[in-house]
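To keep things clear, I will list the structure first and then write my remarks on it.
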Amino acid sequence: MTAPRVRFAPAPTGFLHVGSARTALFNWLYARHHGGEMVLRIEDTDAALKTQQYVDAIVEPLRWLGLDWDEGPHFQSERRQAHQAAVERLLSRGAAYFCDLTRGEIKQRCEQAGLPLGYHGWSRDRGVADGPGVVVRFRCPDQGETVVDDAVRGRVSFPNESLEDFVIRRGDGSPTFHLANAMDDHDMAISHVIRGEDLLNTTPRVLLLWQALGYGAPPRYAHLPLLVNAKRQKLSKRRDDVSLDDYRRRGCLPEAMVNHLALLGWGPPDAAEIRPLDEIVELFDLDAVKPSPAFFDPARLDHINSVYIKALTPEQFADRALPHVCGIAAADASGTSAAAETVDAACEDGTALTAAATTREAHQQRAHEVLLKLAGDLQQRVAALDEVWQWIDWILSDEVAYDDKAWQKSVVKGRAAAEVLGAVEARLAEDDFTSAERLEAVVMGVGDELSERLGVRVRSQAPVRAAVSGRAAGLPLWEPLKLLGKDEVLARIRQARSRL
RNA sequence: GCCCCCAUCGUCCAGCGGCCUAGGACGCCGGCCUUUCACGCCGGAAACACGGGUUCGAAUCCCGUUGGGGGUGCCA
């Protein structure tokens, strides 16, 4: 087999859809596995969507995923001349004709003829002349069938009588997707067209055009299973979370997203599902792609993401989590995260999150240090990077937000909580806060002593946690106490005691 | 309406005629570990949509039914 040449051809819609990302990935995997090439082509037939912003919305997420291409981006709009010339050729050959019927007129004719709503070659013999608003339609054969030889689905045949004379040039002179698609795939020497199943029904049209244009053997088609939501409907922009960039902002790792996407419609021959991309490249092939729709399950993505997060070194974790803790990753999000709002607000109006970090830079430096020190404990607790903030906000901020339930449970109703806090404050005043282990020994020691004295189990960790963090649960306390520092810890315990 | 696709645990995959009393993973439930929350470990419930064929033998092949989805645009 000669090296394949595939293309990823998204329409510029302002963002990259996870379904499109999956299509891009499968094209890329196929090309890389077989040592072929991938072309990026932006299908901007429709409007003037070739702005940098629209192109970036496609290119950047692809780069984020780690997918590259060997050629492009090409733009369909740049091939306008060639497309128009082809329309002329089809016209002069009688393979296409002009039509000036409006939607209403078509409907009317159907009713008069007692035919089901549709285009029944109405203008084939009307001899319509070209002019403003006049479209060009392709003359489909009335008999026979058009067969799509699909790498995923096998032989799919369409009765030609079910095909209507479709528009290949709009009233404004622009070519439609079918025409541009056939021509561009031919002219760019595409060998394999790998795309979503929603396009399967349009394939006979492209094939008919391919034939009429005298192009010879068509490319091999492969229609990938649709990505669906929990209700098993095609993922849609309106009701589902489909923007790849949103996942990035929420702290999904690109390698996790790629791995997750690869598992939708495909599975490795062995049982190892979570594995590096180069191994997936090695194992991937089209004949192993399943034809049935796949649910894009966010819970599964979370799991895969959590596995990748756990595998990060502390340094990698700190570097990658930092933007999510400092509001950078979510800066351009429509719904900014709590972390972003808190940090941005504090930094922008000049107020400090902590007395020590009075600038954004200082805050970042401090946050990085905290992330690095707590990496292991954080990594096993988050499924996405944007969850990190809620575990450490109390360390990075001077303000303690006391959770009512936690306060009641751990301090008010906590056994001997007042004594615990009193004793801990006294003992910690003697400590130099250089050892997390010693801090643990001190706090736990207070609990043990009280337990012995009172004859009942006294848990000393809970009230201390509530005092310094305002919460009932969280990270192992000792390293955070050290990071918070002696003055701050003692101040918080004092503050808690005064609340009693 | 018409055309097309799809059909194994709730979900994603394995199974491509006998290895299947159907395997793994997510999720769920239970237990262990633990002076928080987690991680980890152990265990459990959970599926071949239905009906006909073909075959010595079918989750695997064929047909039909049912169910789900997609398309049916001067969107792609």
Side-chain angles (χ1 to χ4, degrees), chain A residues 9-13 20 43-47 76 99 101-103 116-119 133-137 148 150 152-154 156-164 166-178 180-181 195-204 223 225-226 228 230-234 260 263-274 287-288 290-304 306-307 310 376-382 391 406 409-410 440 443-444 447-448 451 457-462 464-466 469 471-477:
Chain A
T13 55
S20 303
E43 308 244 311
D44 56 343
T45 42
D46 190 30
Q76 205 153 67
C99 174
L101 262 25
T102 63
R103 241 183 132 71
L117 193 60
Y119 191 85
V134 172
V135 305
V136 175
R137 285 180 183 271
V148 180
D150 194 277
V152 174
R153 281 147 227 285
V156 183
S157 81
F158 298 80
N160 287 337
E161 57 185 323
S162 72
L163 269 25
E164 292 174 357
F166 55 95
V167 172
I168 57 175
R169 191 206 70 183
R170 300 190 184 89
D172 65 2
S174 63
T176 61
F177 147 80
H178 308 284
N181 213 252
R195 35 136 66 156
E197 195 206 320
D198 49 342
L199 260 12
L200 180 56
N201 289 302
T202 73
T203 310
H223 287 91
L226 241 34
V228 299
K231 290 173 170 163
R232 311 221 57 90
Q233 295 163 314
K234 180 167 96 160
H260 178 241
L263 263 12
L264 263 23
W266 177 84
D270 54 31
E273 296 178 321
I274 300 180
D287 54 22
K290 275 188 31 143
S292 48
F295 172 38
F296 184 92
D297 188 356
R300 194 153 189 256
L301 209 210
D302 273 348
H303 171 254
I304 294 174
S306 73
V307 172
K310 286 184 185 72
D377 288 333
L378 286 167
Q379 282 169 278
Q380 65 180 231
R381 262 160 264 256
V382 300
W391 291 92
K409 185 183 159 208
S410 302
E440 175 176 11
V443 174
M444 299 309 261
D448 291 343
S451 296
R457 192 62 190 260
V458 173
R459 296 172 193 275
S460 55
Q461 188 177 164
V464 174
R465 181 184 296 283
S469 76
R471 311 212 181 120
L475 297 172
L477 252 192

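In the text below, chain A, chain B and the rest are named by the order of the sequence lines, each starting its count at 1.
Contact check for A:Val307 versus A:Ile304: no side-chain heavy atoms found under the 4.5 Å cut-off. Here the side chains of A:Ile168 and A:Pro175 are not in contact, with every heavy-atom distance at 4.5 Å or above.
The same atom, P, is picked in B:rC6 and in B:rC63; the two are 12 Å apart, to the nearest Å. B:rG18 sits 11 Å from B:rA58 when the P atoms are compared, rounded to a whole Å. Taking the C1' atoms as reference points, B:rG70 lies 22 Å from B:rC74, given to the whole Å. On the C1' atoms, B:rC50 is 30 Å away from B:rG44, given to the nearest whole Å. With both ends at atom P, the span from B:rG43 to B:rC56 equals 42 Å, rounded to whole Å. Taking atom C1' on both B:rC41 and B:rU60, the two are 36 Å apart, rounded to the nearest angstrom. Taking the P atoms as reference points, B:rA59 lies 11 Å from B:rA49, given to the whole Å. Between B:rU35 and B:rU21, the distance separating the two P atoms is 46 Å to the nearest Å.
One can place CZ of A:Phe296 at 12 Å from C1' of B:rC12, the figure rounded to the nearest angstrom. Separating the CG atom of A:Asp297 from the P atom of B:rG10 is a distance of 14 Å, rounded to the nearest angstrom. Nucleotide B:rU34 holds its P atom 19 Å from the CG atom of A:Leu477, rounded to whole Å. As rounded to whole Å, 11 Å separates atom P of B:rA25 from atom CZ of A:Arg300. Between the C1' atom of B:rA14 and the CG atom of A:Asp270 lies a distance of 10 Å, rounded to the nearest Å. Straight-line distance from the CZ atom of A:Phe177 to the C1' atom of B:rA76: 5 Å, rounded to whole Å. Rounded to whole Å, atom P of B:rC75 lies 9 Å from atom NE2 of A:His178. In this structure, A:His260 atom NE2 and B:rA25 atom P are separated by 17 Å, rounded to whole Å.
With distances taken from any side-chain atom of A:Lys234 to the nucleotides B:rG71, B:rC6, B:rC4, the minimum falls on B:rG71. Closest to the A:Ala271 side chain, of the nucleotides B:rG24, B:rC74, B:rC4, is B:rG24. Distance from the side chain of A:Met444 is smallest for B:rU35 among the nucleotides B:rU35, B:rC37, B:rC5. The listed nucleotides are B:rC75, B:rC6, B:rU36; the one nearest the side chain of A:Pro293 is B:rC6. Side chain of A:Glu197, nearest nucleotide from B:rC37, B:rC74, B:rC5: B:rC5. Nearest to the side-chain atoms of A:Ser460 among the listed nucleotides B:rU36, B:rU35, B:rC74 stands B:rU35. Closest to the side chain of A:Ser162, from the set B:rU35, B:rU11, B:rC3, is B:rC3. Nearest nucleotide to the side chain of A:Phe295, out of B:rC4, B:rA76, B:rU11: B:rU11. Listed candidates were B:rC74, B:rA25, B:rU35. Nearest to the side chain of A:Glu273 is B:rA25. Comparing B:rA25, B:rA38, B:rG73 against the side chain of A:Glu164 picks out B:rG73 as the nearest.
In this structure, the separation between CG on A:Leu200 and NE2 on A:His223 is 5.0 Å, given to the nearest 0.5 Å. Atom CG of residue A:Asp302 and atom CZ of residue A:Arg300 lie 12.5 Å apart, to the nearest 0.5 angstrom. To the nearest 0.5 angstrom, A:Phe295 atom CZ is 8.0 Å from A:Arg232 atom CZ.
Within 4.0 Å (heavy atoms only), A:Arg457 reaches at least one base atom of the nucleic acid. A:Ser410 comes within contact range of no nucleotide atom at all, as no heavy-atom separation falls under 4.0 Å. Residue-level contact check: A:Ala294 touches the backbone only, with heavy atoms under 4.0 Å from sugar-phosphate atoms and none from bases. Nucleic acid contact class of A:Gly265 (heavy atoms, under 4.0 Å, all strands): sugar-phosphate only. Backbone-only engagement by A:Val167 is indicated by non-hydrogen atom pairs under 4.0 Å involving sugar-phosphate atoms exclusively. Residue contacts for A:Asn160: at a heavy-atom cut-off of 4.0 Å it reaches no nucleic acid atom on any strand shown. Among the atoms of the strands shown, only primed sugar atoms or phosphate atoms (P, OP1, OP2) are found under 4.0 Å from some heavy atom of A:Pro159. Within the nucleic acid shown, A:Arg195 has no heavy atom closer than 4.0 Å to any nucleic acid atom.
Considering only side-chain N and O atoms, A:Lys290 lies nowhere under 4.0 angstrom from the phosphate OP1 or OP2 of B:rA7. Proximity of A:Lys310 to the phosphate of B:rC39: no side-chain N or O atom is located under 4.0 Å from OP1 or OP2. Phosphate contact (OP1/OP2 of B:rG10, side-chain N/O of A:Arg232, threshold under 4.0 Å): absent. Using a 4.0 Å cut-off, no side-chain N or O of A:Arg153 falls inside it from OP1 or OP2 of B:rA7.
B:rC6 has its base anti relative to the sugar, with a glycosidic angle deviating from 0 by more than 90°.
Remark: B:rA59 base-pairs with no nucleotide in the shown strands. Criterion, Watson-Crick or G-U wobble with two distances under 3.5 Å. In this structure, B:rG43 forms a base pair with B:rC29, meeting either the Watson-Crick or the G-U wobble geometry with both donor-acceptor distances under 3.5 Å. Look at B:rA49: its Watson-Crick or wobble partner, with both distances under 3.5 angstrom, is B:rU65.
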Fill in: Evaluation steps, side-chain contact (heavy atoms from CB on, under 4.5 Å), between A:Phe177 and A:Thr202
CA-CA 10 Å; A:Phe177 147 80; A:Thr202 73; 3.9 Å; yes
Worksheet item: Passes side-chain contact (heavy atoms from CB on, under 4.5 Å), A:Arg195 versus A:Asn181? Steps please.
Response: CA-CA 12 Å; A:Arg195 35 136 66 156; A:Asn181 213 252; 3.5 Å; yes
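At a threshold of 4.0 Å, the pair A:Glu197-A:Lys234 does not count as salt-bridged, since none of the basic side-chain nitrogens sits closer than that to a carboxylate oxygen.
Stacking of A:Arg137 on the aromatic ring of A:Tyr119 is recorded, both the 6.0 Å distance cut-off and the 45° axial limit being met.
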